[in-house]
Structure formats: C-alpha cells, structure tokens
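Naming: A, B, ... by sequence-line order, numbering from 1 per chain.
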2 protein chains.
Amino acid sequence: MSTKILIADDHSMFADGIESILNRQDGIQVVGKCYDGISILPFLKKNEVDIILLDVNLPEKNGIEVCKEVIAAFPDMKILAISMFNQESYVSEILKFGAKGYILKNTGQDELMEAIQTIQGGKTFFSKDVTQTIMRGLMNDRKGGNKSEGFIPKITRREKEVLKLIVQEFTTQEIGKKLFISLKTVESHRSSLLAKVNARNTAGLVRIAIEKKLMD
Amino acid sequence: MSTKILIADDHSMFADGIESILNRQDGIQVVGKCYDGISILPFLKKNEVDIILLDVNLPEKNGIEVCKEVIAAFPDMKILAISMFNQESYVSEILKFGAKGYILKNTGQDELMEAIQTIQGGKTFFSKDVTQTIMRGLMNDRKGGNKSEGFIPKITRREKEVLKLIVQEFTTQEIGKKLFISLKTVESHRSSLLAKVNARNTAGLVRIAIEKKLMD
DNA sequence: GATGACATAGGGGAAAACCCTCATTTTTCA
DNA sequence: TGAAAAATGAGGGTTTTCCCCTATGTCATC
C-alpha cells in the first residue's frame, strides 16, 4: 500500500526528475504527471491519488486556481505546493485554499521526502525559508493593515491581447487600429487591467504583467 | 568511458532530479552538482568534467558570467545552457560566450538526452522553441537596419534612481518630491531614459528595464 | 429566460507623459 | 585644472493616459 503521487509541473524536465527520485523510494509511487493546470481535475476523476505535488506557477490555469478547484472536488486531497519563489503572497494564497504544505524548488530531496511523509501522515509541512516568509508577512500585515496583496487577477482573452500590445509600446490609438476596435474600448480594457492588477499606471501594469507572466 | 557531467543549478530539487534521470542512463555519469555560480570553477580545477549543464539564472554569479569564466579557463569545456526562460537576450548572450547548446526546462528527458549526446559528439544543440526565438531575433535585427540592437545603454546614477521609482508606479511629480528635485528635472531624466533604451513610452521603458535588469 | 461576464463604445474632463529648446551648476576624471 | 558628463531646471506646447459616467449586444450557463 504505497502513497500515490501526482506531479503537476509544466517544466517536464523537473517533473521527470522528481518522478525519478520518488520512484526510487519505498512506499511511494508516482501515478501520473500533468504539465498544465487544466488536465489535473480530469486525471483525479479517473485515478486514485493521495498527494499532489503542485507547482504554484502553472501556465493556463495557475496553481492557486487549481488548488481551489481540486479541494472543492476532493476536500481530502493532500496538496503540497512547490514553487520557485518564496513570495508571501503565493504562500498565503494557496494555503488559504487548502494546500497542506509549501516547499521551494531549492530544497533538497531529503526535505522533499520529509514533506511527503509528513503530509501523508495528515500533518502540514513548510520549508524553513517559507516559515520565515510567512512570519514576516504576518508581521507586515499587522503593521500595514489588511490589504489582500498579491492575489492573482483573472485577465480575459481580449484584455490579454491589449496588454501584450501595451507592453510592446503601442499607444491606445494604435491598439484600437490593430484590433479594429474603438479607442474607447481599448481604454475600457486598460482600465480593467489597471484595476485587476491593482496598478496606478502603465508602468505598474507592465511591471506586474511581466512579474506575474500575465501574457503567456 | 562514460560522459562526465556537472550539474549547476540553484534549485537542488531540480538538480537532484536531473541527476537521478541521468544516472539511469548508460554512458553518463553525474560527477558533481553546484548550487551556485562561484563553486563551479573550483570544482572544475579538481575534477574531470565533459559537459556542464548550466542554469542561466544562477544566484550570486549568473550563468552568463560563469560561462565566460569557464570558457576562459577551459576553452574546450562543453556547456549546455538550461533555462526557464526563452528570452532572446539570454540565449544570444550565453552563446556568444561559448555555450554549445541551449534548452528549456520544459523540454522532456528524451530531448535532454539528445542534447547531451549531440554536444558530447562535438556538435551544438538547441530546443525548437529556442531556435525560433533566435531566428526571430535575427530577423528583427535585419529589419531594424544596422542599429546595434540590444546594446546596453549606460544609465547614470540619478537616472537609475528615477527609473526605479517609475517602475514602482510613482508619477513624475511624486518622484520630484521624493528626490527633492523639480518636476522638470525628473522629466529630463525620463527623456534621457526613453532615448537611451530606445523606447517610445513608459511601457517600453519598464519592459526594457526589467528585461535588461537596468535597476540592479 | 434570467443572470452575469465580456466586449463594445461614447462624452467629458483632469492628470500625466511626452517633446522641443535652452541654460546653469556640479561632478567626474583624464 | 580644464573639458566632458551629469544633474539641475524653465517655458510652452502636444499627445496620451487616466478616471468618472453610462449603455448596448452577445454569449454561456444555470
């Protein structure tokens, strides 16, 4: 009776590597790999899975969205979030949606095994660095108030088109001509974009778009 | 007589994973792992290595720097660059310094093996996506005429301060107050910045500033 | 068939960015 | 110790962005 693991990461080299590590371990069995966010739920419906190793930064549908959906459909699913970045916003966001642990990609395989075993045992697990980040975040929250910083906005198809053109230095007018829509419509999309990413101006919009890879 | 490989990546989970994959292969032997840029040269001086799998985005000293140094000390060293990002600037930069190949972290293990064998055979290897990126970059160069595109403009100390604040969404007026200078002065710096990076507006300035890491 | 999200688009106005020219002082460095 | 580079700033203009408001047609979904 081994622990069944699903790996969800768009970097297949990474996913394959983890699989190779885990399959050498006793009592652990990698039952599947998903290279994007949308194929996870369908997989879970057809296969038995104990723990999902979930990359926070997935294309198409990011890890936080996926986590929300998975927990909604399978409330007891154990999700171990894995991320490149030790960002307080990611950590707190995905934990809010029911992830049982959060580790960084620069943690060693010993710690990975420890995390899996801890979570399989029903407890939670966090990398040391992550714990620190959370603590720092909490302290800042008390100081800074209760802004829901870092939450990932959902950008629509059209908004994304506009966003790409903005980042490519086209003006609102030029974007209108390119997309065969009115200047005013482009302005609408710009406004929505600014509101969604919580930016004050184009500079912030572009920075956040790049930081959060909103154009992929 | 197996191919001796050194893995250089700060995400040890990734490095361990690759190691696990490679060690299953015949004729390949992972002889070491480095988790930062500075430990690579010392390792090479003490160990025999055929191919380095080098992450482009290393902490402390990035992959491009490392590549330059390694090739300077070991001109025949075969370096396969690995990166999360398919950015033309990274690709062309590290190839300029003697890397023999460039693959993305989202390529599968088959392609990884192919890349290693190709490079070990003395040839070069690039992911399909990367090839496309390079081609696009070259075509843009030709279209753009004979400007030395991608050349790094020299940003002055003050300009850099202004730039940082622009990227942080401050307006010209606010920047003036923060730096105790006139709005007009800030406008001057903005103009110089736009001209130096060859951008049409703030959007481009911010994008290029991030792409070229002008704020470090 | 209603509800909600999305895309469309207009008017009007305030603010910010952008562009040109020019000039003075300060720093840097060869 | 000069010349070059950088930093400062003004006047006066155009363009673009940003921010309100409202409104309509489409499409999916419940």
S.K.: Please check: side-chain N/O of Glu159(B) versus main-chain N/O of Thr156(B), any donor-acceptor pairing under 3.5 Å?
M.R.: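 Side chain of Glu159(B) to backbone of Thr156(B): a pair is present.
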S.K.: Separation of Ile181(A) atom CD1 from dA7(C) atom P, in whole Å?
M.R.: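 Taking atom P of dA7(C) as the reference, CD1 of Ile181(A) is at 10 Å.
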S.K.: Under 4.0 Å from a heavy atom of chain B: give me the 5'-most and 3'-most nucleotides of DNA chain D that qualify.
M.R.: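 It runs dA6(D) to dG12(D).
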S.K.: Working note: Glu187(B) + Thr172(B), criterion side chain to side chain donor-acceptor pair (under 3.5 Å); need CA distance, chi angles, decisive distance, verdict.
M.R.: CA-CA 7 Å; Glu187(B) 275 192 336; Thr172(B) 301; 5.7 Å; no
S.K.: Which residue pairs pass the salt bridge (charged side-chain N to carboxylate O under 4.0 Å, His left out) test when at least one of the two sits in residues 46-57 of chain A, sequence neighbours left out?
M.R.: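 Matches after skipping sequence neighbours: Asp55(A)-Lys105(A).
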S.K.: Assign a letter to each nucleotide of nucleotides 10-23 of chain C from its 5' end: B, base within under 4.0 Å of a protein heavy atom; S, sugar-phosphate only; -, no contact.
M.R.: BBB---SSBB----
S.K.: So, Glu174(A) and Lys177(A), do they make that salt bridge, N to O below 4.0 Å?
M.R.: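 Judged by the 4.0 Å cut-off on N to carboxylate O distance, Glu174(A) and Lys177(A) do not form a salt bridge.
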S.K.: Please report the interatomic distance CZ(Phe14(A)) to NE2(His11(B)), rounded to the nearest 0.5 Å.
M.R.: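 Going from CZ on Phe14(A) over to NE2 on His11(B), the span is 8.5 Å.
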S.K.: Which of these, Val197(A), Leu205(A), Ile175(A), Val206(A), sits in a side chain to side chain contact (heavy atoms under 4.5 Å, CB included) with Leu163(A)?
M.R.: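 Single pass found, and it is Leu205(A).
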S.K.: Do you know the tightest heavy-atom contact between Leu194(B) and Asn201(B)?
M.R.: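 The pair with the smallest heavy-atom distance is CD2-O, 3.5 Å.
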S.K.: Going by an N to O cut-off under 4.0 Å, is there a salt bridge joining Arg207(A) and Glu211(A)?
M.R.: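 Salt bridge: yes.
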S.K.: Let me test you: for the helix from dG1(C)-dC30(D) to dA30(C)-dT1(D), what is the angle between the axes at its two ends (five pairs each), rounded to 10 degrees?
M.R.: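 Terminal axis comparison yields 70°.
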S.K.: Is it true that Arg190(B) and Thr202(B) share a donor-acceptor pair across their side chains at a distance under 3.5 Å?
M.R.: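 Short answer, yes.
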S.K.: Going from CE on Met77(A) to CG on Leu6(A), what distance comes out if it is rounded to the nearest 0.5 angstrom?
M.R.: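 Between atom CE of Met77(A) and atom CG of Leu6(A) there are 8.0 Å.
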S.K.: Going by number, which of residues 156-163 of chain A have a non-hydrogen atom under 4.0 Å from DNA chain D?
M.R.: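 Within this stretch, nothing sits under 4.0 Å of the strand.
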S.K.: Looking at CD of Gln29(A) and OG1 of Thr3(A), how far apart are the two atoms once the value is rounded to the nearest 0.5 Å?
M.R.: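 Interatomic distance, Gln29(A) CD to Thr3(A) OG1, rounded to 0.5 Å: 9.5 Å.
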S.K.: Can you list the residues that meet the side-chain contact (heavy atoms from CB on, under 4.5 Å) rule with Thr118(A), with sequence neighbours excluded?
M.R.: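 For Thr118(A) the side-chain contact (heavy atoms from CB on, under 4.5 Å) partners, ignoring immediate neighbours, are Glu114(A), Lys123(A), Phe125(A).
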